[in-house]
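Quick note on labels: first sequence line is chain A, next is B, and so on, each numbered from 1.
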Amino acid sequence: MPELPEVEVLVRHLQQVLPGRRVAKVSVIREKSVRPNKAAEFAQALLRHRFDTVQRRAKFLIFTLSAKSFELSLIGHLGMTGRIYVQKKTAPLPKHAAVVIELDRGRFVFEDTRYFGRMTLDRTCLNNLGPEPLSNEFEWKTFHRGLQHSGQAIKVRLLAQDLVVGVGNIYACEALFRAGIDPRATSSQLTREQVRHLQRCIQETMAEAIALGSTLPLDLAGTESTDGLFYFGQKRGVNTYEERLLVYGRKGEPCYRCQAKIQRIVQAARGTFFCPRCQTRRIRNRPQSRGWRRARRSVKSHPLWGSRVAQW
DNA sequence: CACCATGTTCCTTG
DNA sequence: CCAAGGAACATGGT
């Protein structure tokens, strides 16, 4: 269940639940899910340690544990379909449980249907990551400099995790729509104004998603068939949050801003959704023009958008 | 059967 | 050597 906002909301939840609990037993059910450590050494190292903190860096979860004077970091990545939760010892294990850690109270479960996720004690995966999008380190001048050296399409470039972390396929589409930038535009062709605008749109997209996800009734304890995903929100009777996304998954549907049909194309083997009228490759001299501000207000005042997100 | 899916890494190509 | 493109990983939903 990744992308930065989903991981952030999960981390905040786990930080409330996990600290203080001790590791009683470690079962690596899917050996490949523990890399590059060996399953046996991984399990042995964690034994009898106590969870202290839960943090996030990019889409990684970082658990710190200690035993007497020994400290260690457990790093997790959810891949495409990973979930992490603490369940009751009596609850049944999920079909695709990858790593199970029995605690003094309850059970830590890392399940992963497609097994693209992983757990490790090796911190080197945290090297070479770009700045956090919601930190001061995400600075538009550096962002601009990085983009100028690239001939890749901007949408593809955003996914590389070196100029900025945490932006995945869905939020890349959303941020580019908000910024009015064609996902096919060559990175180096973006103007300084477009880059500055895109930087702010990425931050808005992330911040609003975290804020929204913090209030939805997510199944962070792994008890239901629902999960901790909130790209599409939750289906709860009449209260449907499905239309929260502005372009992703809306192929053929009318753009909320201009009614043109949303297009789906493939870039780097991933689906990209965009509005062919609102998102242009052309360089806009005045990206903050009155017309554009009016358009963004109209997007935000769409009944299914404003009611759920504008409150933040 | 066809096509789609939230991510990253490795290999090949130019 | 480098940048960019594509396959691979693995399973399930529609």
task = Provide the distance between the two P atoms, one in dC11(B) and one in dA10(C), to the nearest whole Å.
result = 15 Å

inquiry  = For a quick test of reading the model: is some side-chain N or O of Arg270(A) closer than 4.0 Å to OP1 or OP2 of dT6(B)?
reply    = yes

task = Would you please indicate yes or no on a ring centroid separation below 6.0 angstrom for Phe274(A) and Phe177(A)?
result = no

inquiry  = Between Glu8(A) and Arg12(A) (salt bridge meaning N to carboxylate O under 4.0 Å), is one present in this structure?
reply    = yes

request  = Output the residues of residues 112-120 of chain A in contact with DNA chain B, where contact means a heavy atom of the residue under 4.0 Å from an atom of the strand; sort by number or write none.
outcome  = Arg114(A), Phe116(A), Arg118(A)

ask   = Which whole-number value in Å describes the distance from Glu111(A) CD to dA10(C) P?
value = 18 Å

key: salt bridge (Lys or Arg N to Asp or Glu O under 4.0 Å) between Glu3(A) and Lys59(A), intermediate numbers included   = CA-CA 6 Å; Glu3(A) 291 210 42; Lys59(A) 299 170 193 170; 5.8 Å; no

message = Rounding to an integer number of Å, can you tell me how far Gln267(A) CD sits from dT6(B) P?
response = 13 Å

inquiry  = What's the gap between dC3(B) and dA7(C) when it is taken at their P atoms, as a whole Å value?
reply    = 14 Å

ask   = What nucleotide, of dA5(B), dT11(C), dT8(B), holds the atom closest to the side chain of Lys59(A)?
value = dT8(B)

query = For the ring pair Phe51(A) and Phe108(A), is the centre-to-centre distance below 6.0 Å?
reply = yes

ask   = If you check the Arg264(A) side chain, which of dT8(B), dT11(C), dC4(B) turns out closest?
value = dC4(B)

request  = Grab the OH-P distance between Tyr171(A) and dG7(B) for me, whole Å please.
outcome  = 10 Å

query = Does the side chain of His77(A) get closer than 4.0 angstrom to OP1 or OP2 of dG7(B) through an N or O atom?
reply = no

ask   = Got a salt bridge between Glu102(A) and Lys89(A), using NZ or NE/NH1/NH2 to carboxylate O under 4.0 Å?
value = yes

task = For dT14(C) and dT6(B), measure between their P atoms and round to the nearest Å.
result = 15 Å

query = From Ile62(A) CD1 over to Arg57(A) CZ, what is the distance, rounded to the nearest 0.5 angstrom?
reply = 8.0 Å

key: Whole angstrom value for the distance that separates C1' of dC9(C) from CD of Glu31(A)   = 17 Å

ask   = Asp162(A) CG to dC2(C) C1': how many Å, rounded?
value = 14 Å

message = Starting the side chain at C-beta, find the nucleotide from dG7(B), dG12(C), dA4(C) nearest to Asn169(A).
response = dG7(B)

task = Mind calculating the distance between CE (Met80(A)) and C1' (dT9(B)) to the nearest angstrom?
result = 14 Å

message = Return whichever of Lys95(A) or Val156(A) has its heavy-atom-nearest nucleotide of DNA chain C closer to the 5' end.
response = Val156(A)

Would you list the atom pairs, donor with acceptor, under 3.5 Å between side chains in residues 64-72 of chain A and any protein atom, with sequence neighbours excluded?
from: Thr64(A); atom 1: OG1; to: Thr53(A); atom 2: N; distance (Å): 3.2
from: Thr64(A); atom 1: OG1; to: Thr53(A); atom 2: OG1; distance (Å): 2.4
from: Ser66(A); atom 1: OG; to: Asp52(A); atom 2: OD2; distance (Å): 2.7

key: Per Gln152(A) side chain, nearest of listed nucleotides dT6(B), dA4(C), dT8(B)   = dA4(C)

request  = Taking only Lys NZ, Arg NE, NH1 and NH2, and the carboxylate oxygens of Asp or Glu, determine whether Glu132(A) and Arg56(A) approach each other closer than 4.0 Å.
outcome  = yes

key: Atom P, compared across dC4(B) and dG6(C): separation rounded to whole Å   = 15 Å

request  = Answer yes or no: does a side-chain N or O of Gln161(A) lie under 4.0 Å from OP1 or OP2 of dT8(B)?
outcome  = yes

request  = Give a yes-or-no answer on whether the side chains of Thr272(A) and Gln267(A) include a donor-acceptor pair shorter than 3.5 Å.
outcome  = yes

ask   = Hey, quick one: are Leu61(A) and Leu74(A) part of the same hydrophobic cluster, counting side-chain heavy atoms closer than 4.5 Å, chains of contacts allowed?
value = yes

query = Out of dA5(B), dT6(B), dG12(C), which has the shortest distance to the side chain of Phe273(A)?
reply = dA5(B)

message = Without decimals, in angstroms, what is the distance between His96(A) NE2 and dC9(C) C1'?
response = 15 Å

request  = Please tell me which of Ala269(A) and Gly151(A) maps to the more 5' nucleotide of DNA chain C, matching each residue to the nucleotide holding its nearest heavy atom.
outcome  = Gly151(A)

task = In whole angstrom, give the distance that lies between atom CG of Leu245(A) and atom P of dA5(B).
result = 13 Å

request  = Write out the stems for DNA chain B, ordered by first number and formatted as range with range, counting runs of at least 3 consecutive Watson-Crick or G-U wobble pairs under 3.5 Å.
outcome  = B:2-5 with C:11-14, B:7-14 with C:2-9

task = Indicate yes or no: does Asp162(A) engage Arg157(A) in a salt bridge with an N to O separation below 4.0 Å.
result = yes

message = Under 4.0 Å from OP1 or OP2 of dA3(C): is there any side-chain N or O of His149(A) that close?
response = no

key: Proximal nucleotide (of dA4(C), dT8(B), dA10(C)) relative to the Arg30(A) side chain   = dA10(C)

